[in-house]
Every structure is written in structure tokens, then in C-alpha cells.
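Reviewing the structure listed below.
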Amino acid sequence: MNILVLNCGSSSVKFQLINMENEAVVAKGIVEELGRPQSKFKYKANGKEDYVDTTAVADHEAALIKILNILMHPQYGVIVDKREITGIGHRVVHGGSEFASSILIDEQVIDGIRTCIPLSPLHNPANLTGIEVAEKLLSGIPQVAVFDTSHGATLPPEAYTYAIPSKWRDTYKIRRYGFHGTSHSYVAKKAAELLGKPASELRIVTCHLGNGASISAVKFGHCVETSMGLTPLEGLVMGTRSGDIDPAIIPFIGRHEKLTMEEIDAHLNKKSGMMALTGDSDFRIIEERAEKGSAADILALDIYVHRIKKYIGAYAFVMGGLDAIVFTAGIGEKSSYVRSRVLADMEDLGIILDEQANQKNDLHISTGRVKAMVIPTNEELKIARDTKQVLGL
Ligand code: ADP
């Protein structure tokens, strides 16, 4: 039983074909730079030669045609007929308050995803295009939407309500939604499995530290706090996003620099965070320069680590205790430096870093009462599992 997982961005389509009998990735790849004179197509399949090409791919439909062609290709392919795809799982970024969990896609669901476009103007339109194109090219194969926001659907009102005028909240559905939900819920569940305890007995902080970064508090199996808000801008310092700032900075800088709202929005999302502090968003470069004594990079890493510590401390208090901290995504999985700094000097709170294990990116990196763990995220597998479950397979 094969599930095709599709993650459609504004100019890219990522895919994985997963055999759900053993949860093995049969084939995977990415089509990037859609609509450009040269696109990038990369494909890997079990037991086959890797395939790469740079011919232009006009749009999402052309990308999916390309993906299906290679999946069924005599030399590179892994299936002979489309009907070997049992279901399709789509990553959908914003489900608003409409969707609290993964759902079988029909006309009503498509309309619901469309109504969430104002909440995620960059991502939801691309996700919808992916659904429409898959419906056209793979008609008859059931499709499931898996939302980045549904992990946050269990947030209690005191965590999701902003203290702003009720008209704004009601009219525009402004509240904390949270993102990276598939990743947070995947690693939280995996942590419970690996610790050999039911999720219902654990208070876990999950740190998803990639280009985008967020942190969530999972108390007894349910997300009770998360750092991203109405949009993925709030919370931690990120590659190019500011994370938390005093909201008064926005009108202040608008007045003084004569910037429009759109310009400020673009600055906070694309030209802030580590990029603004160091000129780069790649942690390998930033860590290397900090090691050589670059003051700007050292300060940026101090700020980055400080923000994570602040959130972990707050979330431990919100949950009334802490049993495990999980690090995941590019930086969380690979930066022993960041993990070591975040977990330093926490002995009084039951966290004793095992620096040797940490250096090796081992699963368990602490020896105290609170377990610190490095768990590679697998959002595609979580989407495929949800798809299988929703389809009752
Ligand atoms: P995305 O959010 O785009 O999926 P990833 O989860 O792939 O991002 O994480 C990308 C980040 O991981 C980048 O900042 C990159 O520099 C960082 N990263 C990757 N490998 C390492 C490493 N060995 N050490 C430190 N940071 C790393």
C-alpha cells in the first residue's frame, strides 16, 4: 500500500512515495524553481540510479506530471500504474479554526482551505493548487489534508487568545494557531515510544529548530503551548524571521523609516533573525565565524540560545514540570553547539548534559531526571500515517 505525500510550496513540489506496510520510503524528490527558465528536479528511488535534471517546469501541474512520469518510468520508476498509489497526503499549512485534525478532501474541505488563505497568503494557495492538480491527474485516488496548525488545535483559550480588541479577534479569527505541527507531534510521540512511557504521563518540550523554528509544550499527549502564533513569525529567533519583538516597534519604524506595512512585514519575515544579526542564516557559517571570535556571530548565537532557554523555562512552568526536551530539524538534529548551550547549567532543574553523547548527535544527550533527546523529524511519514488512518486502511 503506497501513499504519495505531496508538499506544494509557491515554487516547489516535494514528494515521497511511502510503502505503508513497512513505512519505507520507496521514492522521493523535489521539483524546485517552477516557472523559471531552468528548474531543478532531483529524484531518488530504492535500488535505482539517482536522477537529476534542470529542464524548465512551468507550474505545479507540469511538476506533478514529471513526478508521475518518473515514478512509472521503465528505468527509474518504482510502480507501473497510477493505481498502485492508494492515497495522497497533502501538507496544508493553515487550517485556521476550521480544521482541528487531518481530513479526507472533498469540495467542502477545499472551500475551507480557501477561506484560510488570508491567514496564510503565501502557502495555502500553493497547497490548494497541489490538491486541484492531483485531483485532475490522479482522479479517483482519495486525498487527505494534513494541517501544520492542527497540533495547536488543543491549545487552551488562555494560550491561544491574544489580549487585543475582541472585534479584531472575531472578525479576522486572530488567535495563536502554531505551526510545524506535524513535526512537533511526530517527535513528541516518538519520544514517548523511545522512553517506553505512555504520552499521557509525559510533559515534553519539543524544539523544532530549522530555518523556521518553533517550540511546543506537549502535556500528557496534548499541545498546550506553542511559540508560533497567527503566523509563523512569532516566537524564536529564526534564520530570517525576527520572532518575538515589541509590537510597538512596527508603527515606530514605519513612521521613522516611512515604510509601508508590506515592507515592514517583508523585513520581519525575510531580512531579520540571524540574517539581520550576522548577514547569514546558515548556522554552519555562523558557528564557524563565532568560533573564530566574530563578535556579531557570538552575540547572535547568544540571543538565539537565550530565546530558546526562555521558552523552555516558561513551558516547564506552564506544564507544572518537565520530563523531556526533544531537539529536531536541521539545527536541532545537527548543532551540538546550540544544544550544549541551551542545556548548559541546568543541573538544578534535573538536566545533566552528556557532552560526549551530544557531540555525536546521539538519541539521549542527558543523564539527569529530565531526558534530553535528539530525534530526527519525519513530517512526510506523519502525513502518510495520518492519510492511512483517515482512509481507514
Ligand atoms: P527547513 O526549515 O528549511 O526545513 P532544516 O530543518 O533543513 O530547515 O534546517 C536548516 C538549518 O539547519 C540551517 O540553518 C542549517 O545551517 C542548519 N544545519 C544543517 N546542518 C548543520 C550542522 N551540521 N550544524 C549546524 N547547523 C546545521
Side-chain angles (χ1 to χ4, degrees), residues 5-16 28-33 40 42 91 93 120 122-123 126-127 146 148 151 178-187 190 206-216 226-228 231-243 269-292 294 296-298 300-305 307-308 326-343 355 357-362 365 374-383:
V5 176
L6 290 177
N7 179 352
C8 296
S10 52
S11 64
S12 70
V13 178
K14 281 193 213 158
F15 68 96
Q16 281 196 7
K28 65 177 182 178
I30 183 165
V31 193
E32 287 174 292
E33 303 192 27
K40 281 189 202 149
K42 288 189 214 151
R91 174 190 184 214
V93 168
S120 179
L122 290 181
H123 296 105
N127 304 153
V146 179
D148 257 24
H151 181 62
F179 297 85
H180 294 138
T182 44
S183 177
H184 288 296
S185 60
Y186 174 82
V187 296
K190 187 91 187 166
T206 52
C207 308
H208 176 107
L209 310 177
N211 278 317
S214 67
I215 188 160
S216 91
T226 192
S227 60
M228 284 177 166
T231 76
L233 183 58
E234 194 181 347
L236 302 179
V237 175
M238 302 175 225
T240 63
R241 292 176 225 158
S242 62
N269 274 291
K270 299 191 181 131
K271 294 183 183 168
S272 296
M274 299 305 272
M275 181 61 90
L277 297 169
T278 71
D280 260 291
S281 61
D282 188 324
F283 265 66
R284 286 162 289 202
I285 298 170
I286 298 167
E287 285 179 22
E288 205 178 297
R289 283 196 306 232
E291 213 168 292
K292 289 185 186 143
S294 149
D297 293 275
I298 292 170
L301 288 168
D302 287 349
I303 297 168
Y304 185 84
V305 165
R307 185 78 53 88
I308 297 173
V326 180
F327 293 90
T328 195
I331 298 157
E333 291 166 29
K334 298 194 190 105
S335 174
S336 53
Y337 172 87
V338 164
R339 293 190 307 258
S340 161
R341 293 275 317 271
V342 168
L343 298 176
E355 190 55 62
N358 182 47
Q359 288 297 329
K360 290 187 278 173
N361 301 330
D362 278 356
I365 57 167
V374 180
I375 302 182
T377 193
N378 194 338
E379 292 166 272
E380 289 80 10
L381 180 56
K382 162 79 177 137
I383 293 171

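In each ligand, atom 1 is the first atom listed, and ligand 1 is the first ligand listed. Quick note: numbers below take in every heavy atom, side chains included, and nothing from hydrogens, waters or symmetry partners.
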Going through the checks in order, is the side chain to side chain donor-acceptor pair (under 3.5 Å) test met by H208 and T377? CA-CA 8 Å; H208 176 107; T377 193; 4.9 Å; no
Between S216 and T206, does a side chain to side chain donor-acceptor pair (under 3.5 Å) hold up when you go through it step by step? CA-CA 5 Å; S216 91; T206 52; 2.8 Å; yes
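Protein residues having at least one heavy atom under 4.0 Å from any atom of ligand 1 are G210, N211, G212, S281, D282, F283, R284, E287, A329, G330, I331, K334, S335, listed by chain and number.
Although no hydrogens or angles enter the test, the distance criterion places no donor-acceptor pair under 3.5 Å between the side chain of S183 and the main chain of E379. A donor-acceptor contact shorter than 3.5 Å is absent between the side chain of N378 and the backbone of Y186.
R284 has no carboxylate O lying under 4.0 Å from a charged side-chain N of E288, or vice versa, which leaves the two without a salt bridge.
In this structure the side chain of L209 reaches within 4.5 angstrom of the side chain of Y304, judged on heavy atoms.
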